[in-house]
2 protein chains.
Amino acid sequence: MMELTRKGEYAIRGIVYLAAQPPDRVCLLSDIAAAVDVPATFLAKIFQQFSKIGLVKSYRGTGGGFLLGRTPEKITLLEVVEAVEGPIIPNRCVVGAGECVRDVSCKVHPVWKRVQGQVRDVLAGVTLKELSEE
Amino acid sequence: MMELTRKGEYAIRGIVYLAAQPPDRVCLLSDIAAAVDVPATFLAKIFQQFSKIGLVKSYRGTGGGFLLGRTPEKITLLEVVEAVEGPIIPNRCVVGAGECVRDVSCKVHPVWKRVQGQVRDVLAGVTLKELSEE
DNA sequence: CCTAACAAGACATTTTTTATCCTTTTAGGG
DNA sequence: CCCTAAAAGGATAAAAAATGTCTTGTTAGG
């Protein structure tokens with residue numbers, strides 16, 4: 001359980017590749033896809049999601065392509081993962097009130113809350129800089 | 001992402017209910033299913049998995065049913081969850097050597113390892129006793 | 001031997017994941 | 001002003017996983 005999907009994996013590979021490029025090198029989607037071994041059409045969707053929230057910047061037309069929206073040390077793994085996989089929610093009952101209808105005083109609730117916190121903390125503590133250097 | 005499936009939810013509900021019963025009260029599957037509001041046929045599958053690894057004991061025939069395999073304080077949430085959802089593996093590359101073929105020195109690897117550890121620690125720290133009392 | 005109960009396996013349905021394709025929009029260059 | 005390069009967006013399709021259901025087998029008690 002708790003497994004990252006293919007999409008999440010691809011997303012990380014793709015953006016880490018971008019982070020490893022010289023700061024203002026505009027990269028073609030097709031090049032990125034080839035480099036990280038991901039279907040270009042699929043990666044396109046992923047980068048569209050990145051683009052919407054500013055994780056990457058995109059340019060169309062001749063000479064277009066992608067580059068990182070911010071410097072690598074300002075993008076965390078948490079942002080990348082949540083961008084494509086949605087928020088980290090181990091159990092529906094952590095979402096908020098009204099979800100845990102079965103049990104007003106649900107004992108499991110705080111446990112999942114804790115899990116969520118730990119996972120988020122770990123992922124938030126890692127930046128693209130660390131993942132791309134060397 | 002990282003969401004517990006319905007199966008996992010049902011599993012927890014079912015076994016927590018058992019843990020809340022008097023120690024040697026044998027419970028009918030149909031009663032448990034009704035009490036925790038889970039399809040009986042589905043819960044049957046779940047309890048079969050529990051039974052195989054000794055998390056619950058089962059008795060067939062007239063007067064049969066289920067009871068907890070050990071005392072509630074000796075069963076952790078981690079065991080329950082892993083029994084039905086499989087091991088907690090945030091990313092395939094934490095499984096072991098040979099999986100992370102793309103990158104011998106995969107930088108993301110240790111991060112997922114850490115996530116895995118944290119999640120397991122939280123879940124291992126909670127027993128059915130705590131979840132079932134009061 | 002009849003009935004109660006769980007065990008096991010096959011099957012069906014729905015949802016999610018994992019793509020692919022086609023059309024549209026934007027931009028540069030001749 | 002056209003032509004080409006590139007990303008954006010939407011529709012669709014195939015495969016896998018989740019979520020159940022059903023039928024038959026097994027075990028045990030009375």
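All of these numbers come straight from a predicted model, not from anything done at the bench. Letters A, B, ... are given to chains in the order of the sequence lines, protein chains preceding strands, and every chain is numbered from 1.
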Q: What is the distance, to the nearest angstrom, from the CG atom on B:L28 to the P atom on C:dT3?
A: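 Between P of C:dT3 and CG of B:L28: 18 Å.
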Q: Specify the separation, in whole Å, of atom CZ of A:R13 and atom P of C:dT18.
A: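 In whole Å, C:dT18 P and A:R13 CZ are 12 Å from each other.
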Q: Hey, are A:R120 and A:E82 close enough for a salt bridge, meaning a charged N less than 4.0 Å from a carboxylate O?
A: yes
Q: Please report the distance, rounded to the nearest Å, between CE in B:M2 and P in C:dT17.
A: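 B:M2 atom CE is separated from C:dT17 atom P by 13 Å.
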Q: If you measure only the distance, is there a donor-acceptor pair under 3.5 Å linking the side chains of A:E130 and A:T127?
A: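 Side chains of A:E130 and A:T127: pair found under 3.5 Å.
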Q: Looking across every strand, which nucleic acid part, if any, lies under 4.0 Å from A:K57 by heavy atom: base, sugar-phosphate, or nothing?
A: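 If one applies the 4.0 Å heavy-atom cut-off, A:K57 turns out to touch nothing in the nucleic acid.
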Q: Hey, does A:V38 have a side-chain heavy atom less than 4.5 Å from the side chain of A:R13?
A: yes
Q: In whole Å, I'd like the distance from the NZ atom of A:K7 to the C1' atom of D:dA15.
A: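 About 17 Å, once rounded to whole Å.
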Q: Do B:V36 and B:Y10 come within less than 4.5 Å of each other through their side chains, counting heavy atoms only?
A: no
Q: Does OP1 or OP2 of D:dG20 have a side-chain N or O of B:R6 closer than 4.0 Å?
A: yes
Q: Over how many whole Å does the gap from A:L29 atom CG to D:dG9 atom C1' extend?
A: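 Rounded to whole Å, this separation is 14 Å.
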Q: Would you tell me if any nitrogen or oxygen in the side chain of A:Y10 comes within less than 4.0 Å of OP1 or OP2 on C:dT18?
A: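 It does not, given that no N or O in the side chain of A:Y10 lies less than 4.0 Å from OP1 or OP2 of C:dT18.
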Q: What is the distance from CD1 of A:I46 to P of D:dA7, rounded to the nearest Å?
A: 14 Å
Q: Side chain of B:Q48 only, heavy atoms from C-beta on: which candidate in C:dA19, C:dA8, D:dT19 is closest?
A: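 The answer is C:dA8, which lies nearest to the side chain.
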Q: Within the 4.0 Å heavy-atom criterion, would you say A:K45 contacts the bases, only the backbone, or no part of the nucleic acid?
A: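 If one applies the 4.0 Å heavy-atom cut-off, A:K45 turns out to touch a base.
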Q: What's A:T41 touching, base or sugar-phosphate or nothing? Going by heavy atoms closer than 4.0 Å.
A: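 A:T41: base contact, heavy atoms under 4.0 Å.
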Q: Is there a donor and acceptor pair, one atom on the side chain of A:R60 and one on the base of C:dT25, closer than 3.5 Å?
A: yes
Q: Within the 4.0 Å heavy-atom criterion, would you say A:S58 contacts the bases, only the backbone, or no part of the nucleic acid?
A: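 Sugar-phosphate: the residue A:S58, judged by heavy atoms under 4.0 Å, touches backbone atoms but no base.
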Q: What contact category does B:F66 fall into here, base, sugar-phosphate, or nothing, at under 4.0 angstrom with non-hydrogen atoms?
A: sugar-phosphate
Q: Take B:E85 and B:G63, find for each the nucleotide of DNA chain D with the closest heavy atom, and name the residue whose nucleotide sits nearer the 5' end.
A: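 On the 5' side of the pair lies B:E85.
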Q: For C:dG28, does OP1 or OP2 lie under 4.0 Å from any side-chain N or O of A:Y59?
A: no
Q: Please determine whether a side-chain nitrogen of the Lys or Arg among A:E79 and A:K74 lies less than 4.0 Å from a carboxylate oxygen of the Asp or Glu.
A: no
Q: Given that B:C27 and A:F42 both sit by DNA chain C, which one's nearest nucleotide is further toward the 5' end?
A: B:C27
Q: Could you please name the option among C:dA27, D:dA28, D:dT19 that lies closest to any side-chain atom of A:T62?
A: C:dA27
Q: Whole angstrom is fine here: how far is it from CD1 in A:I32 over to C1' in D:dA7?
A: 11 Å
Q: Over how many whole Å does the gap from B:E3 atom CD to D:dA17 atom P extend?
A: 17 Å
Q: Quick check for you: among D:dA6, C:dT18, D:dG20, whose closest atom lies nearest to any side-chain atom of A:T5?
A: C:dT18
Q: Is there a continuous path of hydrophobic side-chain contacts, each under 4.5 Å between heavy atoms, that joins A:I15 to A:Y59?
A: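 The answer is no; the residues belong to distinct hydrophobic clusters.
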Q: Output the single nucleotide from C:dT18, C:dA8, D:dG9 whose closest atom is nearest the side chain of A:K52.
A: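 Selected nucleotide: D:dG9.
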Q: Have a look at A:S51 and say if it touches a base, only the backbone sugar-phosphate, or nothing, with a 4.0 Å heavy-atom cut-off.
A: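 If one applies the 4.0 Å heavy-atom cut-off, A:S51 turns out to touch the sugar-phosphate alone, with no base involved.
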